[in-house]
Amino acid sequence: MAKVTIKIDSQPIEVEENSYVLDAARTLGIDIPTLCHYPYVTPYAACRICSVEARDSKGWSKVVTACNYPVWDGLEICTNNTRVLGARRINLEMLMSRSAPHPVLQRLADQLGIKEPRWGFGDNTCILCGLCVRVCDEVVGAHALTFSERGIFRKVSTPYDQEADDCILCGACAKVCPTGHIVFEDVEQRNVIHKEFGLGPNAAIAVPFRQSIPNIPKIDTAQCIHFTTGGCQVCSKACPKDCINFDDVEKSEEIDVGAIILATGFKPFDATRMKRYGYGRYPNVITSVECEMMNNASGPTGGKVLLQNGEVPRAIGVVHCVGSRDAATNRYCSRVCCMYSLKLAHLVKERTSAEVYNFYIDMRTPGKGYEEFYERLMEEHVHFIRGRVAEISDWALDPSEEGKLTIRVEDTMIGAVRRIPVDMVILSVGLEAQADADEVRRMFNISCGKEGWFLERHPKLAPVSTFTDGVFLAGACQGPKDIPDSVAQAGAAAAEALALVDCGYVLIEPNTAGVDADQCSGCRTCSAICPYSAITILSDTLLAQVNEALCKGCGTCVAACPSGALQQKHFTDEQIMQEIKGVLNYV
Amino acid sequence: MSKPKVALYWCSSCGGCEEAVVDLAEGILDVVAAVDIVFWPVALDFKKSDVEAMADGEITLSLINGAIRSSEQEEMVHMLRRKSQLVIAFGSCAHMGGIPGLANLFTRQNVLDSSYHESPSTPNNEHVEPQVEYSANGHRLTLPSLWETVKTLNQVIAVDYYIPGCPPPVNIIKEALGAVLQGKLPEKGSVLAPDVPLCDECKRRESKPEQIKIDSFKRPHLAQSDPEQCLLAQGFICLGPVTRKGCGAVCVEGNMPCTGCMGPTGRVLDYGSKALSAFASLISANADDEIEKAAATIADPTGTFYRYSLPASFLHRAGHVKVTGDK
Amino acid sequence: MFEKPSDNSRFEPRIVAFFCNWCTYTAADLAGTARMSYLPNARVIRIMCSGRLDPQFILAALRQGADGVLIGGCHPGDCHYQEGNYKTLRRIALLKRVLRDFGIEPQRVRLEWIAASEGDKVQHVINEMTEQIRTLGPLRLERREMLPALGEQPVLLEEEASAVGGGAL
Amino acid sequence: MSTRRYTIDPITRLEGHGKIEILLNEKGDVDHAYLQVPELRGFERFAQGRPAEDMPQITSRICGVCPTAHHMASTKALDDLYKVTPPPAALKVRELVYSIFMVEDHALHFYYLGGPDFVVGPTAPKAERNILGVLGVVGLEIGKEVIGMRKQLRDLMTLIMGKVIHPVFGLPGGISKAIAPEHQKDIIKAAEHAVEFGKFSLKVLEDLLAKKPDLLKYITSDAYTHRTYYMGMVDSKNKVNFYDGSLRVVDPLGKQVALFPGKDYLAHIAEHVEPWSYVKYSYLKNIGWKGFVDGPESGIMAVAPMARLNVADGMATPVANQAYEQYLHAVGGKPVHFTLATSWARVIELIYAAERMLELANDPEIVSPNVRTIPTATPVEGIGVIEAPRGTLIHHYQTDEKGLITKANLIVATQNNSARIALSVDKAAKGAIKGGHVDDGILNLVEMAFRAYDPCHGCATHALPGQMPLRVRVLDSNRNLVREFSRE
């Protein structure tokens, strides 16, 4: 495209023909205030705050709006002489005369040195900049908003002022509205905390969760405007590196590998299963994981521990063994809860200086520095009450419990039932095997115990190996485990995997099957049943032959072989017959 | 000087084995030329006394057919064992018990009942039964008593070799006799027939598909079979894969499945359970009920898989518990 | 250690157990490491896969003095070798019908799916089966020690032995 | 002087086991001679639980000499069991192969088993009283001819039935395999050969009768005569038929007393049990069992060649019919009561079978590929009846809905003859042994009476135990051995 050269405040700049002054000025870093400009919609010059003076070399000059005045060769722009500022003042004062006092306008007024708007204030915060209308049309493509009426009655409205069927509730209008005239009401119960745990709204394009690998944003097609209306694509316009790809779809790839490490982890116990603890019913009953998010400085609450009404809790209960050591849910101890509960107790006390109560069955603090940490918390005056919590309710028996959550528990130390009112309850949920553990283990042909934890080949001798060669285990998929243990095991698994891949060959079982060609009649009983297609029928002799590299040594074919021509090394018919004799020899 | 002496004897059998020997046809004259037949009740008037008169081991070879099921037979085979250098169990009955061995699924009394008490054509109101000892108008008459269990020959005397088949195929007999006469014998206890299953000599072998999978077994009278295709692949219970070759697959030639009269190959000890294992493995179903359904299409597993070998099987006969089909 | 049966008059069944290497045999190991005690009547033979189980073995065991046979394999769908246990399932289904014709009670041959993690099941099954067979009583097969199977030479009675004495053998 | 006892145990040269006990009184005359059959295999019992379609192969093991008869009777029972009609081609092939079998089996008896008694002579030294002896008389060439004929026929049976000993081709509704067209000419050739062979055999017999006048004396002597009922199968024209037809019964005077389809056998035939023999004795139900006596009052009957010729009005083929007339003329008309005439009648049947074989061999339909009708009915009960070489053979099965045998009843040829055989033996003994004089020849005469029936006690008891050669033991009434001698 042809280039032209213009000067802004006597700084020259070469820009594309028919581009607008405002853009050129911004590239030069010269600030021109606007209210109705938004990079992704066509300029509209509704607020006229962006007025500047245009000149040519022959002395002609005129006040124009920078947002939509196209450049031409030799054009000179002045953004701050008295004529320009005067024009902006008048325009702003007119806007203020319609609008109620508003911080955005007020800030501009201060910059332009307006003490009192000459025509006073109006009562309508909408300044008819039309950004919302243009965004809804051009970006969202929903066309749910428009201007209606004329003159002083002119206003932004939905068709016939009715609820617009075309509106997709994307909230774009509210987002661009310079004066906050359009408000989107948050209908979510809890206004804090992170989407990862189903707690509140989030951008349609975002990094799935913190520290996710790969750490890049992902489009939630269910929420994305583009996938709803076909419009928007603001993200791709905004992305300087053109990384956004709307056509990308989920696909599975096949990769040949020499070894596989299963580190599928665990799933936190679903606290809603413990009805009596009211999770899901009481907003301020949260799980340990949610609390963890709260404490995260980069988390949704910026590291603050807040109740759903935004206030800071004064008393907090931490309930141990939720979904652990419980005949009704999981009998096993989840092993990590005691320690993380102590950690959370410490953090929330530190951040809120609330009274913190820990309800435990037994404190299990094995490991380096753990017991000491427990003692430290007691010094920090965290309360420890030994007893399984019976129920959590908002039913107040006396004024002290009004508007609070009451924890009912038998304190087995003093042998009495206690009611403890708190503002927030943290449920220390246990660890459970992934819901799809069974499918996964079948896929890898390994076994798992009743609880769904993957089974190691041998608890002592082969703790990271499985019954399938080349498949190893790391982390909580094998059983509840804390981070240090998981890391240690992962290291071991990696080493095993590398050792296997590195040596470049595999050892096969010695107990493969073999055919005695002299006794084989080629009846094809074996080839039909071999699960590994290790038995082929030779084209010339029509007899069976075992490929020892493919044979895994199950011996099924041997049991089936009608002539006894097939035998399994180390498990021949004769050997087993002798074993039978042997075991029956003693009385 | 003397030609080798040969004795032929029959125990509990049908005479088919004798017929098979006669079927050597001209061959029989060669045999007669090559040996002295010193004992052959079915065709020649020689006496037990002649045999008794012989020295131990004087007979070169005794061919004994039929299963053993009475003291009389036991006595005879013991004598022949004494007099013979070699004893060959001749035919399925001596080898494995044969079809009469199916009687081991029942008790001796069962057998008597069905003949003398349950037969619709036998109005035997006095419940008369043959007696081991009976006095008819002053004269004592005796009958040999039947054993509870039918036995194979090697369950009564030591057997040197076996000639399988019901009846033994002529060429197998020729070769075996040839081997004996020329002294080219394998190790004691061997079966004098090729140690390879029937499929090896079956004309239909090439027609076998890559994968034999069976959803349900067919019964020969209820389905038309393709005369070129492997019968097993078609779902018929053809015992060829389990059975020694040597007969030339005549039954399959006759478009009927092999029923296994030649017995198993050398490494298989219990014919029936081995056959069962092979065929069960080919069933395609995996769910319990489907397996049951597929297995149920084998109408009579015991009678089918142990057709000729029940007395030689590991279990020999039905145990002490009530037997199915027994009223 | 296991408590020896104190009462000598009590019939002690002899059970031959074929356990698959990956599931049931491991489970038995587990039962051991977990110090679960169970009746000593089962004598375990390890095979790589229950699919290796040739029905001949079951009959051979019964013939040679076993009062019952227990087969342990992986649960359906769990076979270390994909589907060996299905083969076993099919064979046993058919064998049971044959055993019935032979007059052998079905309880004497038992097929159980026991996963590597189910040590307690090993204990339970062995105890239960032992008691069942104890109530059934010993398996009596006529002169089974006397009768040789195919390819074996007979175990001769004394008079038989003397009778053969002069022969070529 | 105490009672003496002779034991002929067992009789040689017959299919099966029989034992004759001859009891003498003080005068040394025969008090009574008992025919005993000492074995039983129990096919009826172990058939139970077996699939019905396996019966043709299982029951053929009743007898390895006449497996085809059992196979065929069983197959016909299955047709009835499944209520299915085989295609005409299948029926023709069945009758063809059955005719071949009749020729072959009758030849076996005439030359190998019963023949020697006539050909060589009853009193000839025993070393000659066998097939080899026969060869000595008729000449080795003819002997080879005999052996060759037999082989040719059996090869043919193998071709058609899969196996000649224990055939495999019978199925309810047909046969397992059609005859390939290229084989028809061989079959025709063999059939022509068979007819010639039949004529030749008749000539051998006629020459003998001419050469040895005492032979006819034997045959017609009272010692071998019983006036009993006779039963056999006849076609619609009352001509002898082996494969299919109705059962006809005539009384000792030759008058028809019953004509019924095999299905109704239970209404006409019953079996008597004696405590001293495993064999059962068939008799005519409506006449009843009166003990071992002949005459119109006694239900005892005879089957097999002589009986078949007695119940029939003639033979369905020319040459056979001609021989039939000659035979009747020679022995003095129907009904023939002379046991030994059976061998003669057998040769006539041999000719008929050969001629019938030739008729069918020339029928173009025997090579038709359509030889199966697949059964659809649910099996309940089936009865199959056929004329075995040794007489009427009946297979009767009941099954469950799966076609597994729940009950089997078998009445075989020799059973139908067994009562009359017992009579013959007794009478022959009484005729032959007088004043305690016993020698080998005489004992053979007793055996002859027995052997003439070509009895098969393997069939009769569905059992075939081993036999011991004939020996005579003289015992006193306490069974103490007085002395023992063998025939020579």
Side-chain angles (χ1 to χ4, degrees), chain A residues 438-439 441-442 445-460 466-469 509-513 525 528-532 534 551-562 564 566-573 575-587, chain C residues 5 12 14-18 20-23 26-27 29-30 33-34 40 42-67 69 74-75 77-88 90-91 115-121 149 151:
Chain A
D438 202 53
E439 294 148 45
R441 94 181 159 75
R442 279 172 199 273
N445 194 7
I446 62 177
S447 10
C448 46
K450 308 187 211 28
E451 302 91 0
W453 305 114
F454 295 153
L455 208 65
E456 66 281 357
R457 191 174 194 141
H458 189 286
K460 302 190 189 72
T466 66
F467 286 125
T468 306
D469 299 336
E509 297 283 352
N511 48 290
T512 52
T525 310
I529 63 171
C530 178
Y532 303 100
C551 176
K552 299 275 180 300
C554 62
T556 303
C557 57
V558 181
C561 176
L566 267 162
Q567 286 299 331
Q568 181 183 13
K569 300 199 197 75
H570 308 298
F571 292 89
T572 64
D573 285 355
Q575 285 170 314
I576 294 175
M577 285 293 189
Q578 287 306 324
E579 276 189 84
I580 295 170
K581 232 189 214 91
V583 296
L584 286 168
N585 244 336
Y586 63 93
V587 183
Chain C
E12 284 302 333
R14 296 199 286 176
I15 298 172
V16 174
F18 296 94
C20 103
N21 179 64
W22 303 99
C23 290
T26 316
D29 263 353
L30 183 63
T33 49
R43 301 112 194 262
V44 180
I45 291 175
R46 180 177 70 101
I47 46 183
M48 292 309 286
C49 174
S50 59
R52 172 66 181 93
L53 188 77
D54 185 331
Q56 285 191 102
F57 300 156
I58 298 175
L59 302 189
L62 293 176
R63 165 153 177 261
Q64 294 173 63
D67 301 295
V69 174
C74 309
H75 286 269
D78 290 10
C79 178
H80 181 70
Y81 300 107
Q82 294 178 19
E83 51 185 30
N85 50 0
Y86 287 118
K87 310 282 193 319
T88 316
R90 299 167 195 159
R91 291 173 191 148
S117 58
E118 299 177 316
D120 52 340
K121 192 170 177 185

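Proteins get letters first, then strands, A, B, ... in listed order; numbering begins at 1 in each. Heavy-atom basis, side chains included; hydrogens, waters and symmetry copies ignored.
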Rounded to the nearest 0.5 Å, what separates atom [atom1] in [X] from atom [atom2] in [Y]?
| X | Y | atom1 | atom2 | value |
| --- | --- | --- | --- | --- |
| A/F467 | C/C74 | CZ | SG | 9.0 Å |
| C/Q56 | A/I576 | CD | CD1 | 11.0 Å |
| C/N21 | A/E509 | CG | CD | 8.0 Å |
| C/Y81 | A/C551 | OH | SG | 8.5 Å |
| C/I45 | A/L584 | CD1 | CG | 7.5 Å |

Looking only at non-hydrogen atoms, find the nearest pair between [X] and [Y] and report the distance.
| X | Y | result |
| --- | --- | --- |
| A/I580 | C/A61 | CG2-CA, 3.7 Å |
| A/C554 | C/C49 | O-CB, 3.6 Å |
| C/A60 | A/M577 | CB-SD, 3.6 Å |
| C/H80 | A/N445 | O-ND2, 2.9 Å |
| A/A559 | C/G51 | CB-O, 3.4 Å |
| A/K581 | C/Q64 | CG-OE1, 3.0 Å |

- chain C contacts, top residue of A/P531, A/S447, A/P459, A/C557 (heavy-atom pairs, under 4.5 Å): A/P531
- Could you tell me whether the side chain of C/D78 reaches within less than 4.5 Å of the side chain of A/R442, counting heavy atoms only? yes
- Heavy-atom side-chain proximity of C/W22 to A/R457 below 4.5 angstrom: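 Yes, their side chains come closer than 4.5 Å.
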Select one option (side chain, backbone, both, neither) describing which atoms of [X] are under 4.5 Å from chain A's heavy atoms.
| X | answer |
| --- | --- |
| C/A116 | both |
| C/C79 | backbone |
| C/L53 | backbone |
| C/S50 | neither |

Give, as side chain, backbone, both or neither, the part of [X] having an atom under 4.5 angstrom from any heavy atom of chain C.
| X | result |
| --- | --- |
| A/A560 | both |
| A/I446 | neither |
| A/C448 | backbone |
| A/L455 | side chain |

- Any donor and acceptor pair, going by atom type alone, linking the side chain of C/R52 with main-chain N or O of A/F571 inside 3.5 Å?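 Here the side-chain-to-backbone pair exists.
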- Task: Pick whichever of C/H75, C/R46, C/M48, C/E83 has the most heavy-atom pairs under 4.5 Å with chain A.
- Result: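 Option with the greatest count: C/M48.
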